[in-house]
Amino acid sequence: MTITQEQATWFAQTFSQIADNVERAVLGKRRVVELVLTAMLSDGHVLLEDVPGTGKTSLARAVAQSVQGTNTRIQFTPDLLPGDITGITVYDQKTGRFEFHAGPVFANIVLADEINRASPKTQSALLEVMEEGRVTIDGVSREVGVPFLVLATQNPVEQAGTYRLPEAQLDRFLLRTSLGYPDHAATVRILDGAAVATADLRPIVTPQALVGMADLAATVYVDALVLDYIARLVDATRSADEVRLGVSIRGALALTRATRTRAAAQGRTYATPDDVKALAVAVLSHRLILHPEAEFDGVTAEAVIGQVLLDVAPPTQRESERAR
């Protein structure tokens with residue numbers, strides 16, 4: 001079953017309402033807000049690479065408030081243990097039984113602050129939950145619930161005492177983005193008190209409705225020519241001179257899922273090459289491993305993806321219409 005035009009129109013209106021609501025608390029960051037919502041509706045997670053004090057916690061809380069969801073914040077430190085994230089079983093002397101005490105990962109929106117400060121073992125515990133959507137402790141599996149979004153943050157400047165995320169773990173994030181500093185106009189509005197406290201935001205949809213939106217997004221039609229375009233983009237990253245390891249098939253699938261969601265957010269029942277272009281940098285760039293020589297020369301993964309988008313020709317509108 002493919003999404004109908006009426007459903008796509010409702011999806012776009014609701015998506016816009018959620019983004020508008022979140023932007024009341026996080027001023028001037030519409031693009032980032034839409035990317036986070038796209039990841040959530042594509043069953044993915046977000047890596048925010050940003051300096052402290054740019055509103056990452058406010059963003060997580062605003063999204064949770066807008067979808068009537070629960071949110072938690074985990075401050076990653078070198079002594080954080082996997083059980084501190086997932087939860088542990090504790091023996092109750094009164095009942096003579098082991099009882100499970102759920103960890104902070106059991107929430108709809110989980111802010112994993114400075115994820116690269118924890119040990120690889122602790123990092124992998126969170127990433128396992130991200131992939132599986134459940135926690136297994138003492139042989140018992142427990143679902144973390146839906147919707148489930150992890151917003152993990154990294155400080156790109158302060159790297160002392162950090163553990164770099166391995167490439168295989170980076171690949172599990174649907175997209176990477178950055179809030180960055182607000183522009184001058186937004187800064188003035190923030191200083192003037194225009195930003196709404198996250199606790200005062202009104203809910204727009206229920207978690208169940210959000211799950212329904214995600215199901216609708218998954219039914220957006222993607223033409224074979226658009227799929228071919230995504231495949232050619234991925235292939236081009238693998239053969240680029242500056243790249244040691246290109247985008248995996250998981251990355252191609254992630255771009256396809258996100259493309260469907262963006263098309264629905266635009267009120268369309270079908271995806272276009274423009275949807276792919278709009279998301280390619282955010283979805284693909286963190287999956288590349290560059291040659292050391294290229295990094296030394298100042299080449300960035302974002303620049304490589306940008307060049308790939310220039311080099312790989314998208315299908316023309318006439319070809320897409322003929323195929324449809």
Side-chain angles (χ1 to χ4, degrees), residues 31 34-49 127 130-131 150 152 164-178 214 217-266 268 270-295 297 299-317 319-320 322-324:
R31 165 71 174 169
E34 290 182 348
L35 283 175
V36 170
L37 294 179
T38 298
M40 176 182 276
L41 292 167
S42 305
D43 193 26
H45 307 282
V46 179
L47 180 63
L48 289 174
E49 278 199 350
L127 292 162
M130 290 165 51
E131 184 75 11
V150 172
R164 180 178 176 181
L165 284 176
E167 285 72 18
Q169 294 182 2
L170 282 173
D171 201 27
R172 298 186 186 276
F173 287 96
L174 184 93
L175 58 86
R176 180 182 65 179
T177 187
S178 172
T219 65
V220 168
Y221 174 72
V222 183
D223 187 78
L225 288 172
V226 177
L227 293 176
D228 176 73
Y229 180 48
I230 293 174
R232 287 188 288 117
L233 287 175
V234 170
D235 287 340
T237 66
R238 298 167 185 166
S239 58
D241 294 336
E242 305 90 346
V243 176
R244 183 157 58 95
L245 187 65
V247 176
S248 67
I249 188 64
R250 182 188 283 123
L253 289 169
L255 183 55
T256 304
R257 294 203 311 271
T259 296
R260 284 191 164 100
T261 301
R262 186 182 187 276
Q266 299 294 314
R268 284 184 273 102
Y270 58 91
T272 68
D274 287 338
D275 295 320
V276 178
K277 291 179 182 179
L279 294 165
V281 173
V283 176
L284 301 181
S285 62
H286 64 289
R287 304 172 193 272
L288 299 182
I289 302 177
L290 303 182
H291 286 295
E293 296 83 2
E295 290 184 304
D297 290 338
V299 176
T300 64
E302 290 80 4
V304 172
I305 297 298
Q307 187 60 48
V308 166
L309 288 171
L310 292 174
D311 293 341
V312 178
T316 64
Q317 184 175 356
E319 289 175 331
S320 299
R322 190 186 306 129
R324 283 203 300 275

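All figures in this text were calculated on a predicted structure; none of them were measured in a lab.
From Gln307, atom CD reaches atom CG of Asp241 across 10.5 Å, with rounding to the nearest 0.5 Å. A distance of 11.5 Å separates CG of Leu225 from CD1 of Ile230, quoted to the nearest 0.5 Å. Atom NZ of Lys277 and atom CG of Leu310 lie 9.0 Å apart (nearest 0.5 Å). The distance from atom CG of Leu284 to atom CG of Leu255, rounded to the nearest 0.5 Å, is 5.0 Å.
In terms of heavy atoms, Leu174 sits closest to Ala254 at CD1-CB, 3.6 Å. Smallest separation of non-hydrogen atoms from Gly251 and Asp171: N-OD1, 4.4 Å. The two residues Arg262 and Leu279 have their closest heavy-atom pair at CB-CD1, 3.8 Å. Heavy-atom minimum distance, Ala271 versus Val222: CB-CG2, 4.1 Å. Of all the heavy atoms in Ala278 and Arg31, the pair that sits closest is O-NH2, 2.7 Å. In plain terms, the two heavy atoms of Arg260 and Val220 that are nearest each other are NE-O, 2.9 Å.
Using a 4.5 Å cut-off on side-chain heavy atoms (C-beta onward), Val46 and Leu35 make no contact. For the pair Leu290 and Val243, the minimum side-chain heavy-atom distance is below 4.5 Å. Using a 4.5 Å cut-off on side-chain heavy atoms (C-beta onward), Pro314 and Val276 make no contact. With contacts defined as side-chain heavy-atom distances shorter than 4.5 Å, the pair Arg172/Arg250 qualifies. Taking 4.5 Å as the limit, some side-chain heavy atom of Leu48 sits within range of a side-chain heavy atom of Thr177. Contact check for Thr237 versus Val304: no side-chain heavy atoms found under the 4.5 Å cut-off. Looking at Asp275 and Thr261, their side chains never come closer than 4.5 Å, going by heavy atoms from C-beta outward. Residues Gln169 and Met130 are not in side-chain contact: their nearest non-hydrogen atoms beyond the backbone lie 4.5 Å or more apart.
Here the side chain of His286 pairs no donor or acceptor atom with the backbone of Leu47 at under 3.5 angstrom. A donor-acceptor pair under 3.5 Å is absent between the side-chain atoms of Arg287 and the main chain of Leu245, judged by distance alone. Of the possible donor and acceptor atoms, none in the side chain of Ser285 sits under 3.5 Å from a partner among the backbone N and O of Ala301. Judged purely by atom type and a 3.5 angstrom limit, Arg238 uses its side chain to pair as donor or acceptor with the backbone of Val247. Under the 3.5 Å distance criterion, the side-chain polar atoms of Asp297 are left unmatched by any main-chain donor or acceptor of Val299.
Listed by chain and residue number, Phe148 satisfy the ring pair (Phe, Tyr, Trp, His ring centres under 6.0 Å) test with His45 (two or more places apart in sequence, or in another chain).
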Practice prompt. Apply side-chain contact (heavy atoms from CB on, under 4.5 Å) to the pair Thr272 and Val226, showing each step before the final yes or no.
Written response: CA-CA 7 Å; Thr272 68; Val226 177; 5.8 Å; no

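With salt bridges taken as basic N to acidic carboxylate O contacts below 4.0 Å, none links Arg232 and Asp235. Taking 4.0 Å as the cut-off between side-chain N and carboxylate O, Glu295 and Arg244 do not count as a salt-bridged pair.
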